[in-house]
Amino acid sequence: MNSRYDFAAIEKKWRAEWEKNPINKEDDKKPKYYCLDMFPYPSGKGLHVGHWRGYVLSDVISRYKVLQGYQVLHPMGWDAFGLPAENYAIKNNVHPEISTKANIENVKRQLHEISAIYDWSREINTTDKSYYKWTQWIFARMYEKGLAYEKEMPLNWCPSCKCVLANEEATNGVCERCGSQVTKKNLRQWMLKITAYAERLLKDLDKLDWPEKVKKMQSDWIGKSYGAEVEFKVKDSDKVITVYTTRPDTLYGATFMVLSPEHKYAKELATNENKKAVEDYCYLASTKSSVDRMSDKEKTGVFTGRYGINPLNGALIPIWISDYVLADYGTGAIMCVPAHDDRDFAFAKKFNLPIVQVIKPEGEEEKELTEAYTGNGIVINSPLFNGMTVAEAKEKAPHILEEKGLGKKTVNYKLRDWVFSRQRYWGEPIPLVHCPHCGTVVVPDNQLPVELPMVESYQPTDTGESPLAAIDSWVNTTCPKCGGPAKRETNTMPQWAGSSWYFLRYTDPHNDKELASKEALKKWAPVDMYVGGVEHAVLHLLYARFYTKFLYDIGVIDFDEPFIRLFNQGMINKDGSKMSKSKGNIVSPDELVKKYGCDSLRMYELFVGPPEVDSEWDDSGIDGVFRYLSRVWKFVYANKDKNLTPTKESEFIKNTMITQITQRLNALSTNTVVSGFMEYTTKMIDLAKEQGGIDKSCIDTLLILLAPFTPHLAEELWSQMGHKGSVFSAKWPEADKSKLVVDEITIPLQINGKFRENIVVDTDCDKETIINKAKEALATRLEGKTIVKEIYVPKKIVNIVIK
RNA sequence: GCCGGUGUGGCGGAAUUGGCAGACGCACGUGACUCAAAAUCACGCGGAGACAAUCCGUGCCGGUUCGAGUCCGGCCACCGGCACCA
């Protein structure tokens, strides 16, 4: 090694050394820290500099924690089931198991370039039999507890993936995976009762140190609302229609009712002369795709010929059918108050239905409405609620209804149960058997895993049947209960199944008796810091929370939230847009590592912008970081043997550097950490020039602080400084506050709030002296003016107000 | 439509509780070294101005304050989430 910064040689040397002597050893005397990346899907496309960002950040955090004296769990693995592998397999006639294996090798090689302190002995792969055995085991427990059930209903169907989708995968009516428009298909599918956990999933968000944005997305998705169920009798019928409303305060304003086309009474209720029209309408609605149904803002509907009775005033109100009412929310039927709801207003206008105003804005006269009034105000035209504010009436109405036996207070959630089965090959088989005698039978634990058969053809079908259904030798089995002939469940699990609990498996990845031992879980879990993209806000993160709560309830784990802290790193864009192969704007880390070294790229990834914000990639920006590291190298090389005694100046620089870097790193403001390094290093270089050298402790401190960011450089220079062990066996420095005290401070002077000049004063100087000094300094500017006010903010600023 | 976020030089971005706007870096310019170039080092780098004093300047308009990028009110633009959930 010489005075040139030969990153290639340094990085090769230390990578080999760390391989032999890992810097992060388990040591139960130390407190634990579990720092986790969202594990990747092993795509054939490999990694770009955007992927590096999160991995570098989590590695910096992990190494920082090592230096702070923690034993750190920082694992890596593969979320390897899923459609891309399967589609690739179909297209290229390569079995997904083979292409997945090849992709993993490639991505793993790329990950090694980051030099993260992953513990590869804990590597997991969701497609390993020894792993998905436990994915199936969890499903079996859910089935036993009644949380997994089969149901036939209209489901989101992706015609391109030939597969059903969960609600979370079909937002905006578009397939989350491929972007195709989702249609509805009536199918019998396996569901998980995530709605049973709606309240806890909502409430426990409070416990989490997560970005507010993600918590908000989850709570909106769960969508809790408070309201009432109200019963409406039907004239000339014994039927009672229950509606759900969040506005019981407007009950007197209900002038019609609407049932969804799928409502159980929709067709029955129609009078003879309306029957045909109602049936036609319901049929038409059933053929519409969810996209059409959502995007059709123009209201449609049909009258049943029947009337409901308003329970409070006995008014007869017509009952209509319309597809703007959703069958699977609330009761599938609503009371309509056109005066105070936009949708009801539009419907009333279109079909010429009466509008009765029951709320008026406070202090205004009642006047004809040209649009629905949805704001606050005073209740009118409502004998039981007149004069109340909206809030009061909302609160009291449900109680009044309850007393009269007309309804009850209730809550509703937007969250729906999770459609859990998929009609594809490359996923975990659902461990159930259908027996003609015993019905559905769960596969006993000692027969798990139910292995995915190795077959050559697994084309998806249009029928809603899994390709596994065509494999007779696999489908036909014996019933675990009665031993008679039976058939296997042929659907597989969604990709989210394996990722909903993988963070538990890392604690004890080779256990074949349990998904992880109690001791291992106790030692490491839950995850202290979870780093990944925001795109999983209502998918993976919601599912993982649900699984965790379930496993907590059945006593497998003793915590009920998986990720204490979540950090969403921003995307890295190139030329203003997300990197993608089709746009041809992918920046590969491989050449950058070759040209500048791993350390430079690591540091630049963190310097490019605030880590939580999307940033634009600029290739030439990395030059600045590389120059900086070369400067560090030269500086340390030039001064390592001088060994001066510490001076007041050097102590001040060193201790402010420790304070600043630590503070910024704790705030995960990595871009300002890097700028801080540059600033303080320059100060040291200048001081060294001035003093003819610098003391060893300054350099040592700089190297320890740099170590999480540029581990190879720090490690090499650390050994050049004459230290025996690794820089990571050093301790993260603490600032000596007594060295931060200065004798003199610079005070900016303002006149009328405008900066004029600086003065330097003794730190303990009092107000009067400072004001006088300020006036002296500003004498020519103050000449002939009247001083109105003198402001001195201690150690901050002086402002003289003049006229 | 509803909800959230963000607007600061040519660019990425700094700026504790309101207290010197533009740290740090990129790009650019000038100089030193060199036969020359690269690398490196030094200096400059928001706009206007006789490139002096000074004035203007953090999306726009207004307010509070001795003092506003920061707080308040009203807009505008862009990005993200949800979208007939009664």
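These numbers come from a predicted model, not from an experiment. In what follows, every chain begins at residue 1, and chains take the letters A, B, ... in the order their sequences are listed.
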Given B:rA86, is OP1 or OP2 found less than 4.0 Å from the side-chain N or O atoms of A:Ser225? yes
Ignoring backbone atoms, test whether A:Tyr628 places a side-chain nitrogen or oxygen under 4.0 Å from the OP1 or OP2 oxygen of B:rC24. no
Check whether the side chains of A:Trp221 and A:Glu168 place a donor and an acceptor atom closer than 3.5 Å, and report yes or no. yes
With rounding to the closest Å, how many angstrom separate the C1' atoms on B:rC71 and B:rG19? 14 Å
Base orientation of B:rG10, syn vs anti, 90° cut from 0: anti
How far apart are the closest heavy atoms of A:Ile800 and A:Ile787, and which atoms are they? CG2-CG2, 4.0 Å
Dump the pairs, protein N or O against N or O of nucleotides 3-7 of chain B, anything under 3.5 Å, distances to one decimal.
from	atom 1	to	atom 2	distance (Å)
B:rC3	O2'	A:Lys216	NZ	2.8

Nearest-nucleotide check on RNA chain B, A:Arg416 vs A:Lys789; residue mapping nearer the 5' end is A:Lys789
For A:Leu326 and A:Arg781, find the nucleotide of RNA chain B closest to each by heavy atoms; which residue's nucleotide sits nearer the 5' end? A:Arg781
Protein-nucleotides 67-73 of chain B N/O pairs closer than 3.5 Å?
none

Among A:Phe345, A:Phe256, A:Trp320, which residue meets the ring pair (Phe, Tyr, Trp, His ring centres under 6.0 Å) test with A:Phe351? A:Trp320
Which one, [options], comes nearest to the side chain of [X]?
X	options	answer
A:Ile791	B:rC66, B:rC20, B:rA86	B:rC66
A:Ile797	B:rA14, B:rC20, B:rG25	B:rC20
A:Ser620	B:rA27, B:rC84, B:rG19	B:rA27
A:Met678	B:rG25, B:rA23, B:rC84	B:rG25
A:Val801	B:rC20, B:rG13, B:rC66	B:rC66

Find every protein N or O atom lying less than 3.5 Å from an N or O atom of nucleotides 55-58 of chain B, and list the pairs.
from	atom 1	to	atom 2	distance (Å)
B:rC55	OP1	A:Arg756	NH2	3.4
B:rC55	OP2	A:Arg756	NH1	3.4

Using the ring-ring contact (aromatic ring centres under 6.0 Å, His included) rule, take A:Tyr596 and A:Phe7 through it: C-alpha gap first, then chi angles, then the decisive distance, then the call. CA-CA 7 Å; A:Tyr596 298 98; A:Phe7 58 85; 7.8 Å; no
Stem finding on RNA chain B, please: runs of three or more consecutive Watson-Crick or G-U wobble pairs, both distances under 3.5 Å, sorted by first number. B:1-7 with B:76-82, B:10-12 with B:24-26, B:28-32 with B:40-44, B:46-48 with B:54-56, B:59-63 with B:71-75
Quick tally for nucleotides 39-44 of chain B: nucleotides whose base has a protein heavy atom under 4.0 Å get B, sugar-phosphate-only ones S, the rest -, giving -SSS--
Looking at RNA chain B, which of residues 662-673 of chain A put a heavy atom within less than 4.0 Å of it? A:Asn671, A:Thr672
Does a sphere of radius 6.0 Å around CD in A:Glu371 hold more than 12 heavy atoms from other residues, nucleotides or ligands, not counting ones at 6.0 Å or beyond? no
